[in-house]
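What you see below is based on every heavy atom in this structure, not just the backbone, and it leaves out hydrogens, waters and symmetry mates. Proteins come first, then strands; the chains are lettered A, B, ... in the order of their sequence lines, and each starts at number 1.
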Amino acid sequence: MPARREPVAALPAPRPLARAALPADTTALARFLLGKLVLRRLGRTLLRGRIVETEAYLVGDAACHAFRGRTLRNAALFLERGHCYVYLAYGTSYMLNVSSERAGIGAGVLIRALEPLAGVAEMQERRGTARRLDLTRGPGRLAQALQIDRGLDGIDLCTEGPLWLGDDGTLVDAASIGRSIRIGITKDAERPLRFYLRGNPFVSGPRRLNG
DNA sequence: AGTGCGATTGACT
DNA sequence: GTCAATCGCACTA
């Protein structure tokens, strides 16, 4: 075989998180997902980022999109835990969520920020900026960086495909997790259901909530 | 059929 | 710090 220049050895694609490993409880899932990986397959490119900020949206929670019952729009929230729910906010920004609880129960976890780990050049291209801090800090930004839209709504995030969840063995201890009220909502705004990795520069939100 | 309103972001004073 | 863009949906009539 003639020598052929290969790109830098690609990291193997992490295998998906087992659904059985996901806590069914929505708040527990929001904490569990901190430090885990989001993998996005775009052709030959595998984008990856570490989850550094989440919010829980519970059953009986007026801020949860499933609060008023199941519709065509929010149906993915009612899938068994570990499925993808994508929402278009303000007509401008897509939001990536992980469904929680049992099938038929409408609840989920919003992924609010990632730390970019691989595919940074592709993220920069999609985001139109070179600033690493601006690639995936915020729910709308990370969705744009990973090219996430309603086409991914309802897919299984526990199966390797266009988008899935993984784990690189990073440990997150309870002391490194911060907690605050959720950002940008008006209903049930006082519930402390936002979780983030303390001190991580890719966490979004105002400083007063990130202490 | 019309209206109000977001789980945001980027541009600008 | 302020503010407009933008659009699908739920709600009213």
Side-chain angles (χ1 to χ4, degrees), chain A residues 25-34 38 49 51-79 81-101 105-116 123-155 157 163 165 178-197 201-210:
Chain A
D25 177 78
T26 305
T27 305
L29 180 62
R31 301 177 66 112
F32 172 86
L33 288 175
L34 291 175
V38 172
I51 299 171
V52 299
E53 181 184 355
T54 60
E55 286 178 353
Y57 287 86
L58 312 181
V59 172
D61 171 1
C64 179
H65 290 163
F67 182 64
R68 294 176 186 283
R70 180 186 197 142
T71 66
L72 193 59
R73 207 64 183 173
N74 64 24
L77 279 175
F78 291 81
L79 298 174
R81 66 189 187 278
H83 285 79
C84 179
Y85 166 58
V86 179
Y87 169 71
L88 176 61
Y90 295 101
T92 58
S93 305
Y94 289 101
M95 308 275 135
L96 170 64
N97 294 255
V98 180
S99 71
S100 59
E101 309 290 340
I105 304 294
V109 174
L110 170 68
I111 309 300
R112 281 198 59 91
L114 302 175
E115 176 174 347
M123 295 184 196
Q124 289 170 327
E125 190 173 358
R126 295 217 63 76
R127 289 277 302 125
T129 179
R131 259 198 107 213
R132 192 154 173 267
L133 268 178
D134 287 342
L135 297 180
T136 54
R137 183 172 45 108
R141 290 169 177 162
L142 78 86
Q144 186 182 32
L146 271 54
Q147 200 175 316
I148 289 168
D149 60 26
R150 287 281 295 171
L152 296 170
D153 186 62
I155 70 164
L157 297 173
L163 182 68
L165 296 169
R179 181 171 192 166
S180 81
I181 59 169
R182 296 171 291 185
I183 293 176
I185 61 169
T186 53
K187 292 171 288 192
D188 266 329
E190 302 311 311
R191 295 196 191 199
L193 294 174
R194 170 175 176 262
F195 301 94
Y196 59 93
L197 294 183
F202 297 95
V203 172
S204 75
R207 183 177 310 242
R208 68 182 177 84
L209 294 184
N210 293 339

Spacing between [X] atom [atom1] and [N] atom [atom2], to the nearest angstrom:
X: Ile111(A); N: dA7(B); atom1: CD1; atom2: C1'; value: 12 Å
X: Leu58(A); N: dA7(B); atom1: CG; atom2: P; value: 15 Å
X: Ile185(A); N: dA7(B); atom1: CD1; atom2: C1'; value: 7 Å
X: Asp61(A); N: dA7(B); atom1: CG; atom2: C1'; value: 10 Å
X: Leu88(A); N: dA5(C); atom1: CG; atom2: P; value: 17 Å
X: Asn74(A); N: dA10(C); atom1: CG; atom2: P; value: 7 Å
X: Tyr94(A); N: dG8(C); atom1: OH; atom2: P; value: 8 Å
X: Glu55(A); N: dT8(B); atom1: CD; atom2: C1'; value: 12 Å

Step by step, would you call Val98(A) with Tyr85(A) a side chain to side chain contact (heavy atoms under 4.5 Å, CB included)? CA-CA 6 Å; Val98(A) 180; Tyr85(A) 166 58; over 6 Å; no
Face-to-face stacking of Tyr57(A) with dA7(B), centres under 5.5 angstrom, angle under 30°: yes
Just by distance, no angles: are the side chains of Arg126(A) and Gln144(A) close enough, under 3.5 Å, to form a donor-acceptor pair? no
pair_partner(dT2(C)), Watson-Crick or wobble, both distances < 3.5 Å, evaluates to dA11(B)
Identify the nucleotide, in any strand shown, that forms a Watson-Crick or G-U wobble pair with dC11(C), with both distances under 3.5 Å; if there is none, say none. dG2(B)
Check whether [X] reaches the backbone of [Y] with its side chain - one donor and one acceptor, N or O, closer than 3.5 Å.
X: Asn74(A); Y: His65(A); result: yes
X: Asn210(A); Y: Ser204(A); result: yes
X: Ser100(A); Y: Thr26(A); result: no
X: Arg137(A); Y: Ala113(A); result: no

Residue pair Arg68(A)/Tyr87(A) against DNA chain C: nearer the 5' end by closest nucleotide is Tyr87(A)
Would you list the protein and nucleotides 9-13 of chain B atom pairs, both N or O, that sit under 3.5 Å from each other?
residue, atom, partner, partner atom, Å
dT9(B), OP1, Pro139(A), N, 3.3
dT9(B), OP1, Gly140(A), N, 2.8
dT9(B), OP1, Arg141(A), N, 3.1
dG10(B), OP1, Arg127(A), NH1, 2.8
dG10(B), OP1, Arg127(A), NH2, 3.1
dG10(B), OP2, Arg141(A), NE, 2.8
dG10(B), OP2, Arg141(A), NH2, 2.9

Can you tell me if Arg68(A) has over 12 outside heavy atoms packed within less than 6.0 Å of its CZ? no
